[in-house]
K.L.:
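Structure below; questions to follow.
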Protein chains: 2
Amino acid sequence: MSYTDIGKETGLSTSAAQQRVRRLEQRGAIKGYHARVAPEAIGLELTAFISIKPFEPNQPDDHPERLREIDEIVSCYSVAGDANYLLKVQVANTAALEVLLARIRAVGGVSTQSTIVLSTPYEDRPPAI
Amino acid sequence: MSYTDIGKETGLSTSAAQQRVRRLEQRGAIKGYHARVAPEAIGLELTAFISIKPFEPNQPDDHPERLREIDEIVSCYSVAGDANYLLKVQVANTAALEVLLARIRAVGGVSTQSTIVLSTPYEDRPPAI
DNA sequence: TCTGAAATTGTTTGTGG
DNA sequence: CCACAAACAATTTCAGA
């Protein structure tokens, strides 16, 4: 959608719409723009959530950084509860998940608990304003 | 990024770049385009994951549709494991989460188990190609 | 599937309120 | 924070390969 269109929808001129968006970007309210790619379209048929817990409770807690190099991890959340982190991963199949789990355990020094996603009725819906 | 820029990066003409993107869109490989909005910027300070399980195992399984009306639910995953669905929600604070949980239980006829997100080191990283 | 060119449309920047 | 206008840049469409 163009600034011209945004202007029409909001009853503003093109340049006013552009200025508003620029302000939202500068404040950090808009973090970026992205194309939503269908994972199946690039061979990633399997999505899973993985909870991780360190084996040794008093280790340095730099798991997010250590795990960042693993491309299959699309999201990393630090959580309160039984686990320390919750990861969302995308892989080709269960064999690839098995390999990935071993890698996560090795890199992170953690135990894992996986939840396979069967389907995604909806995801990343825009917040209601 | 413009088609002209994509063309430069891929060594294609503007119209060839545009045609390729159009094809990806038509095949469904690109599902759409979105601005990433910082939830805190609109007063949503608390993110949580909620696992839900029906009280009565042999109920009609239309939870995603029944829960769709709840705007605080940003994502809904059908999962294999202890729970039936995993929801990602965004609310203002713990009080709002409490209200939301009651609503989810009522609408869904389900029990809930919540995991609060403390921070998000990264989210929705692009898949490595 | 790609290139190249022409017509249309959108963006950017400055001036001014 | 907005409108308007002029200069600039991107998009769209089409012919040809």
Side-chain angles (χ1 to χ4, degrees), chain A residues 1-47 68 71-72 74-75 89-93 95-96 119-129, chain B residues 1-47 68 71-75 89-93 95-96 119-120 122-129:
Chain A
M1 189 184 291
S2 67
Y3 293 125
T4 307
D5 291 337
I6 294 171
K8 275 177 193 159
E9 291 202 6
T10 56
L12 293 170
S13 67
T14 298
S15 52
Q18 190 189 24
Q19 283 169 31
R20 275 202 189 179
V21 172
R22 199 201 309 281
R23 270 176 246 130
L24 290 169
E25 290 166 349
Q26 284 173 348
R27 283 179 205 161
I30 294 176
K31 291 161 142 187
Y33 302 90
H34 304 273
R36 181 176 307 258
V37 176
E40 320 81 56
I42 50 175
L44 301 175
E45 301 282 347
L46 213 175
T47 300
R68 185 168 242 137
D71 293 325
E72 288 88 345
V74 297
S75 301
V89 305
Q90 262 165 0
V91 290
N93 47 43
S119 70
T120 303
Y122 37 88
E123 189 170 29
D124 296 335
R125 295 199 299 176
I129 309 172
Chain B
M1 188 183 291
S2 67
Y3 293 123
T4 307
D5 291 337
I6 294 171
K8 276 177 191 158
E9 293 203 4
T10 56
L12 292 171
S13 67
T14 298
S15 50
Q18 189 191 25
Q19 285 167 27
R20 276 203 189 178
V21 172
R22 199 200 307 281
R23 268 176 248 133
L24 290 169
E25 290 166 349
Q26 284 173 348
R27 284 180 205 160
I30 294 176
K31 290 161 142 185
Y33 302 90
H34 304 273
R36 182 176 305 259
V37 177
E40 321 81 56
I42 51 176
L44 300 175
E45 302 282 348
L46 211 174
T47 299
R68 184 167 243 136
D71 292 325
E72 288 88 345
I73 301 176
V74 297
S75 300
V89 305
Q90 263 166 357
V91 291
N93 47 43
S119 70
T120 302
Y122 37 88
E123 190 170 28
D124 295 337
R125 295 199 299 175
I129 309 173

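Because only heavy atoms are used, hydrogens play no part in the values below, and waters and symmetry mates are left out as well, while side chains stay in. All chains are named by letter (A, B, ...) in the order of the sequence lines, taking the proteins before the strands, and each is independently numbered beginning at 1. In this text the structure is predicted, and so the values were computed from the model without any measurement.
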K.L.:
Establish, with yes or no, whether the OP1 or OP2 oxygen of D:dC2 is under 4.0 angstrom from a side-chain nitrogen or oxygen of A:R20.
P.N.:
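Yes, A:R20 has a side-chain N/O under 4.0 Å of OP1/OP2 on D:dC2.
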K.L.:
Quick check on C:dC2: is either OP1 or OP2 less than 4.0 Å from any side-chain nitrogen or oxygen of B:R23?
P.N.:
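Answer yes for this pair, as a side-chain N or O of B:R23 is under 4.0 Å from OP1 or OP2.
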K.L.:
Applying a 4.0 Å non-hydrogen cut-off, can you work out what B:S2 is touching in the nucleic acid: base, sugar-phosphate, or nothing?
P.N.:
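Sugar-phosphate contact only.
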K.L.:
Does some side-chain heavy atom of A:D124 sit less than 4.5 Å from a side-chain heavy atom of B:D124?
P.N.:
yes
K.L.:
Any side-chain heavy-atom pair from A:R125 and B:I73 closer than 4.5 angstrom?
P.N.:
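A side-chain contact under 4.5 Å exists here.
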K.L.:
Send over the distance from B:D5 CG to D:dC8 P, rounded to a whole Å.
P.N.:
19 Å
K.L.:
So do the side chains of A:P127 and B:I42 get within less than 4.5 Å of each other, counting heavy atoms only?
P.N.:
yes
K.L.:
Can you check the A:R22 CZ to C:dG10 C1' distance for me, whole Å?
P.N.:
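Taking atom C1' of C:dG10 as the reference, CZ of A:R22 is at 14 Å.
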K.L.:
Measure the distance from CD on B:E25 to P on D:dT11 and round it to the nearest whole Å.
P.N.:
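Taking CD of B:E25 and P of D:dT11, I get 12 Å after rounding.
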K.L.:
Pull out every protein N or O sitting under 3.5 Å from an N or O of nucleotides 14-17 of chain C, one pair per line with the distance.
P.N.:
none

K.L.:
Using only heavy-atom distances, determine whether the side chains of A:Y33 and A:E25 contain a donor-acceptor pair under 3.5 Å.
P.N.:
yes
K.L.:
Where do A:I30 and B:A35 come nearest, in terms of heavy atoms and distance?
P.N.:
CG2-CB, 4.2 Å
K.L.:
Give the nucleotide from the list D:dT13, D:dC1, C:dT12 with an atom nearest to the side chain of A:R27.
P.N.:
D:dC1
K.L.:
Please state how far atom CD1 in A:I6 lies from atom P in C:dG10, giving the value in whole angstrom units.
P.N.:
12 Å
K.L.:
Which nucleotide sits closest to the side chain of A:Y3: C:dT1, D:dT11, C:dT12?
P.N.:
C:dT12
K.L.:
C:dG10 P sits how many Å from A:E9 CD, rounded?
P.N.:
13 Å
K.L.:
Is the shortest side-chain heavy-atom distance between B:H34 and A:R36 below 4.5 Å?
P.N.:
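SC-SC contact between B:H34 and A:R36 confirmed.
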K.L.:
Apply salt bridge (charged side-chain N to carboxylate O under 4.0 Å, His left out) to A:E123 and list each qualifying residue two or more places apart in sequence or on a separate chain.
P.N.:
A:K88
K.L.:
Given atom CD of B:Q18 and atom C1' of C:dT9, what is their separation to the nearest angstrom?
P.N.:
12 Å
K.L.:
Please pick, from C:dT3, D:dA3, C:dG10, the nucleotide with the shortest atom-to-atom distance to any side-chain atom of A:A16.
P.N.:
D:dA3
